[in-house]
Amino acid sequence: MSRIAVIDFETTGVSPGQGARATEVAIVLLENGRRVDHYQSLMKTGAWIPAFITQLTGITNAMVNAAPDAAGVMQDAARFVGDAPMVAHNAAFDSKFWQAELALAGVAAPHAFACTVLLSRRLYPEAPSHKLGSLVDYHGLPRTGQAHRALADAEMAAELLARMQHDLRQRWGVAEPGHALLMALQRCAKPQVGKLLAQHGNRPAVPAAC
DNA sequence: TGCCAGGCCCTCTTTAGGGCCTT
C-alpha cells in the first residue's frame, strides 16, 4: 500500500524564521494514487495577518481568532499524517512551516518531503510555468474550491502528483512511482533524469526532460 | 539607518547574479 500525504499551508508570510505563522493547513491523503481522505483546519496562533495576505487568501484575522489553537490543530494534523511520506508544491516552503509549527506544538516532524515544483521541472521542462495553478491548467486538471485556500491548493497539488505518477507509468514504464522514486528524481541532475527513469522503468525512451 | 527567506536553476556562469516558487 503506497500512502502519500499532500500538504498545503496558508501563512502570514514566507518565513517562520522571520516570525511568520501558519493560518490554515490542509492535507490530502493518497493511497496508490487515489484520494482516500483529507484534513483541513484554520488555526489560531495570535499572529497578525497582513492586509495583502487577506487579499490573497481571503483569510481574515477574525476567522483565525475564531479557529482552534494552532498546537491542537498541528497535533491532529500529525496524527492524520502518521508515518506517511509527504509532498508539497515548493516543499521548501511547506516543510519549514510543518517543522516550525509542530515544534511549537511539541511534536516530532521526521517526515520526508518531495516537491512537485522540482519534479515538474524535471518531468515537464516544456511547461511555460511551474506555478501550481499554471501546471493544473497545463495538464487540464480540475480546479476545485478557492485558489490560495489550503484545501483547494492541496487538492490541486494532489491532482498534479497523481498526474506525474500516471505519466511515470504510461510514458516511462515505471511500475512503482512511489515516494522513494520521487525523492530520487527530484534530487537527480536534469541531464541524468532519462537514465534514472530508464533504470526504474521498462522503456528506454529518453523523457522530455533530456 | 534601512533592510530583513531561501533553495533551486539558468546563463551573457563557475571568483556571480538574478528569476522562480511558496505566503
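Scope of the values below: all heavy atoms of this structure, side chains included, with no hydrogens, waters or symmetry mates. First the proteins, then the strands, lettered A, B, ... as listed; each starts at 1.
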(request) Provide the distance between the two P atoms, one in B:dT1 and one in B:dC8, to the nearest whole Å. (result) 37 Å
(message) Give me the distance, rounded to whole Å, that separates B:dC9 from B:dT13 when you measure between the C1' atoms they each carry.
(response) 12 Å
(request) Tell me, please, which residues at least two apart from A:Asp69 pass salt bridge (charged side-chain N to carboxylate O under 4.0 Å, His left out). (result) none
Dump every N/O contact between nucleotides 18-22 of chain B and the protein below 3.5 Å, one line per pair.
residue	atom	partner	partner atom	Å
B:dC21	OP1	A:His130	N	2.6
B:dC21	OP2	A:Ser129	OG	3.4
B:dC21	O2	A:Asn90	ND2	2.9
B:dT22	OP1	A:His89	NE2	3.4
B:dT22	OP1	A:Leu132	N	2.7
B:dT22	O4'	A:Asn90	ND2	2.9
B:dT22	O2	A:Asn90	ND2	3.4

(message) Rounding to an integer number of angstrom, what distance separates B:dG6 and B:dG2 when you compare their P atoms?
(response) 23 Å
(message) Please give the distance between the C1' atoms of B:dC3 and B:dC10 as a whole number of Å.
(response) 28 Å
(request) Return yes if a side-chain donor-acceptor contact under 3.5 Å exists between A:His148 and A:Thr57, otherwise no. (result) no
(request) Take atom C1' in B:dG19 and the same atom in B:dC12, then report the distance between them in whole Å. (result) 15 Å
(request) Please state how far atom CD in A:Gln192 lies from atom C1' in B:dC9, giving the value in whole angstrom units. (result) 16 Å
(request) Using the closest heavy atom to pick a nucleotide of DNA chain B for each, name whichever of A:Ile53 or A:Gln186 lands nearer the 5' end. (result) A:Gln186
Show which side-chain atoms of residues 99-112 of chain A pair as donor or acceptor with protein atoms under 3.5 Å away, not counting sequence neighbours.
residue	atom	partner	partner atom	Å
A:Glu101	OE1	A:Arg21	NE	3.4
A:Glu101	OE1	A:Arg21	NH2	2.9
A:Glu101	OE2	A:Arg21	NE	2.9
A:Glu101	OE2	A:Ala22	N	2.9
A:His111	ND1	A:Trp98	NE1	3.2
A:His111	NE2	A:Gly82	O	2.9

(message) Using the rule given for salt bridge (charged side-chain N to carboxylate O under 4.0 Å, His left out), can you reason through A:Glu155 versus A:Arg35, listing the C-alpha separation, both sets of side-chain angles and the distance that settles it, and then say yes or no?
(response) CA-CA 9 Å; A:Glu155 287 174 333; A:Arg35 174 178 170 163; 2.6 Å; yes
(request) Provide, to the nearest angstrom, the distance between the NZ atom belonging to A:Lys190 and the C1' atom belonging to B:dT11. (result) 13 Å
(message) Once side-chain contact (heavy atoms from CB on, under 4.5 Å) is applied, do any residues pair with A:Ala158, and if so which ones, sequence neighbours excluded?
(response) A:Val6, A:Val28, A:Leu30
(request) Please report, rounded to the nearest Å, how far the C1' atom of B:dT23 is from the CD1 atom of A:Ile59. (result) 10 Å
(request) Just call it for A:Thr12: base, sugar-phosphate, or nothing, with non-hydrogen atoms closer than 4.0 Å on any strand. (result) nothing
(request) Sequence neighbours left out, what passes side-chain contact (heavy atoms from CB on, under 4.5 Å) with A:Ala127? Give chain and number order. (result) A:Tyr124, A:His130, A:Leu135, A:Tyr138
(request) In whole angstrom, give the distance that lies between atom CZ of A:Phe113 and atom P of B:dG6. (result) 18 Å
(message) If I take atom CZ in residue A:Arg122 and atom C1' in nucleotide B:dC8, what distance separates them, rounded to the nearest angstrom?
(response) 8 Å
(request) Quickly work out the A:Phe97 CZ to B:dA5 P distance and round it to whole Å. (result) 13 Å
(request) Please name all residues satisfying salt bridge (charged side-chain N to carboxylate O under 4.0 Å, His left out) with A:Asp37, sequence neighbours left out, ordered by chain then number. (result) none
